[in-house]
Amino acid sequence: LFVSLYSCYEDKGNYSYRDINEITVDGIPATVTVSQFSPLTISPVLKQSQPVAADELEYLWYVDHGNGKIDTLSQEPNIQSAVNLYPDTYKACFVVIQKSTGVFSKVPFKLVVESQLGQGLLILSDLQGYANLAYWERSGEVVQDVFEKVNEGQHLGTNPHQVCYMFKGSSIPAFITVMCHDEQGGCALNPVDFTKFRDYAELFYQTPASLHPDGYGYSNYFNYDETAFGDLYNDFIINDGQLHERSTYVGWYQPAYAVDQDYRLSGFTFMGMMQYIFYDDNHSQFLQKTSWPPNSFSVVEVPEGYFRNLRLVYADRGFAGTDYPHYYCVFKEKNSNDHYFVEVLMSPSGFRPLKKEKISFPVREKTPFAVSFTTSAMFYGAGNELYSYDTGNGNSVCRYDEFGAGADITALYLLPQYGESPRSPGDTELLAVKLFVGVSLPGHEREGSIFEFEVNPDNTLTFIRKKEHIAGKIVSMTWKY
């Protein structure tokens, strides 16, 4: 049985009603595009039905990653904050809240973060004991602490040694490797957004017992294209004096075996005419990587005693004047402080030294060098003076000394710049050679500054521009394509 009861009730409550402050927001586009590390600038227009004081309102700009994870971009009404997110498309929101009532207005929009990291100079430095990476974009903008901006709570390592750009191959991507002389050896980064790609140890097919990167060398097919500078043919990591090779079809570095197992290579690679040659500091000899038997070496024949008791401290490809590669080298005598300049030729007939002469200028343990590339000369730093060394006559000439009081040159990097030939449209030729000089200027937390020059045909330098106090003590530079 269902019974329905009904009666009347007198409501004696005392209610008062008032309108709420309705907040509307205009001026935020549905899609906003910004370059990575650049300021996101939006000034919304607020309308209130019952305007309240400015301190009654709170603001929040954020990115929603899903699963309850958000990144706060700003808490100001007008946002002007650098976007340190990696390139992607995000769901973003702007929220304005009235404190006293909790009434809010929320405006969602799509945030597209584009990579601004095209070609530019990578600058590795020691900043307060940690490896630090800065990026000087080709347009002139400098991004400091580029790794920490996108890898929150992580650092690259300690005791930085070298930064390398590792070209893409047929089945492997390009990446950046920061090499450190610490327990981890450094790490590899994605060149698009500088997120961590993998640990240094993970680059190897078999993890070496000791992680101590000494150097990197590569051979690639150059096409000088803006988007793909060249495809990797093969490359090498020299770790703790031992050689590890990677080919264009294999993503891991595999060990090579020498004729003498106690060999210890310097950190430099000699490449040309399909020859891959390395210097064994232990036995003062050159070793050539052989194709058969695979992963092995043969001793390079040179005049007897030519390199006896010498240790290689610097080598790079120099001015050839021919189609065959010439390498300019600096060797140190093991039982003295004497240094020698040596020029070697790599030709179809083999590898042979052309010249050896004692260096007259003082060479420190960490004297920075760079090869001229277009003239028979090397550049080197001595305190706050930059010199050219003529490999033909052995003379040194000071080319620049206006870095500032107390300055110390710590790193050099020479960059050949190619482009379309003005004389032959459609052809590519060398247009200019740039020299980047890393200088420590005392009295600042970020002591590292970069001076940019153009190298002239007579080895004089034309100053272009400088970026001061952008890094720690600069130890290495390379170009990112």
Side-chain angles (χ1 to χ4, degrees), residues 161-162 164 166-167 169 177 179 185 200 203-220 232-318 324-332 334 340 342-354 356:
H161 171 63
Q162 186 177 0
C164 314
M166 297 179 167
F167 289 88
T177 296
M179 295 180 169
Y200 174 74
L203 298 176
F204 298 91
Y205 180 73
Q206 296 173 321
T207 303
S210 173
L211 297 175
H212 189 278
D214 296 315
Y216 172 72
Y218 64 88
S219 175
N220 63 349
L232 179 76
Y233 181 72
N234 59 358
D235 63 352
F236 306 89
I237 287 178
I238 299 171
N239 179 82
D240 200 26
Q242 308 297 299
L243 184 67
H244 300 261
E245 179 184 9
R246 179 183 66 158
S247 75
T248 184
Y249 301 105
V250 179
W252 312 98
Y253 291 89
Q254 304 188 60
Y257 303 98
V259 290
D260 192 325
Q261 289 303 307
D262 67 346
Y263 79 99
R264 186 173 189 87
L265 303 182
S266 70
F268 305 96
T269 304
F270 297 74
M271 295 189 183
M273 310 307 295
M274 297 305 294
Q275 303 172 68
Y276 308 102
I277 294 175
F278 309 88
Y279 188 75
D280 175 10
D281 277 329
N282 268 3
H283 301 91
S284 299
Q285 65 184 359
F286 281 95
L287 300 175
Q288 181 172 352
K289 175 78 172 53
T290 60
S291 57
W292 188 263
N295 295 329
S296 62
F297 286 127
S298 63
V299 177
V300 178
E301 293 186 7
V302 297
E304 185 176 355
Y306 205 92
F307 296 99
R308 181 178 295 132
N309 205 32
L310 295 182
R311 179 173 63 86
L312 180 61
V313 297
Y314 174 79
D316 202 356
R317 186 165 176 167
Y324 302 140
H326 288 229
Y327 276 81
Y328 292 171
C329 314
V330 177
F331 286 86
K332 180 185 181 299
K334 293 180 181 178
Y340 295 86
V342 176
E343 181 179 357
V344 297
L345 169 68
M346 302 182 73
S347 70
S349 60
F351 177 94
R352 62 187 177 93
L354 298 179
K356 176 183 177 183

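Since the model is a prediction, treat every value here as computed from it, not as a measurement.
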Can you name the nearest heavy-atom pair linking [X] to [Y], along with the distance?
X	Y	value
Tyr200	Thr177	CD1-CG2, 4.4 Å
Asn282	Lys334	O-NZ, 3.6 Å
Leu312	Ser266	CD2-OG, 3.3 Å
Phe268	Val313	CZ-O, 3.3 Å
Pro325	Arg317	CG-NH2, 3.4 Å
Asp214	Asn239	OD2-C, 3.7 Å

Verdict with supporting geometry, Val300 and Gln275, side chain to side chain contact (heavy atoms under 4.5 Å, CB included)
CA-CA 11 Å; Val300 178; Gln275 303 172 68; over 6 Å; no
Please tabulate, one pair per line, all N/O donor-acceptor pairs under 3.5 Å involving side-chain atoms of residues 346-353, not counting sequence neighbours.
{"from": "Ser347", "atom 1": "OG", "to": "Ser349", "atom 2": "N", "distance (Å)": "3.4"}
{"from": "Ser347", "atom 1": "OG", "to": "Ser349", "atom 2": "OG", "distance (Å)": "2.8"}
{"from": "Ser347", "atom 1": "OG", "to": "Gly350", "atom 2": "O", "distance (Å)": "3.4"}

Residue pair [X] / [Y], side-chain heavy-atom distance below 4.5 Å:
X	Y	answer
Tyr328	Asp316	no
Gln288	Ser298	yes
Thr269	Ile238	yes

[X] [atom1] to [Y] [atom2] distance, which is reported to the nearest 0.5 Å:
X	Y	atom1	atom2	result
Lys332	Leu310	NZ	CG	10.0 Å
Leu243	Phe297	CG	CZ	4.5 Å
His283	Tyr263	NE2	OH	11.5 Å

Those residues that, when tested against Arg264, pass side chain to side chain donor-acceptor pair (under 3.5 Å) (two or more places apart):
Asp240
Positive for side chain to side chain contact (heavy atoms under 4.5 Å, CB included) with Ile237, one of Arg246, Met179, Glu245, Gln242
Met179
Taking the inter-plane angle between the rings of [X] and [Y] on a 0 to 90° scale, is it parallel (under 30°), tilted (30 to 60°) or perpendicular (over 60°)?
X	Y	value
Phe236	Tyr276	tilted
Phe270	Tyr327	tilted
Phe286	Phe307	perpendicular

Salt-bridge contact Asp281-Arg311 (side-chain N to carboxylate O under 4.0 Å):
no
Evaluate the criterion side chain to side chain contact (heavy atoms under 4.5 Å, CB included) for residue pair Leu287 and Leu265; output intermediate values, then yes/no.
CA-CA 9 Å; Leu287 300 175; Leu265 303 182; 4.2 Å; yes
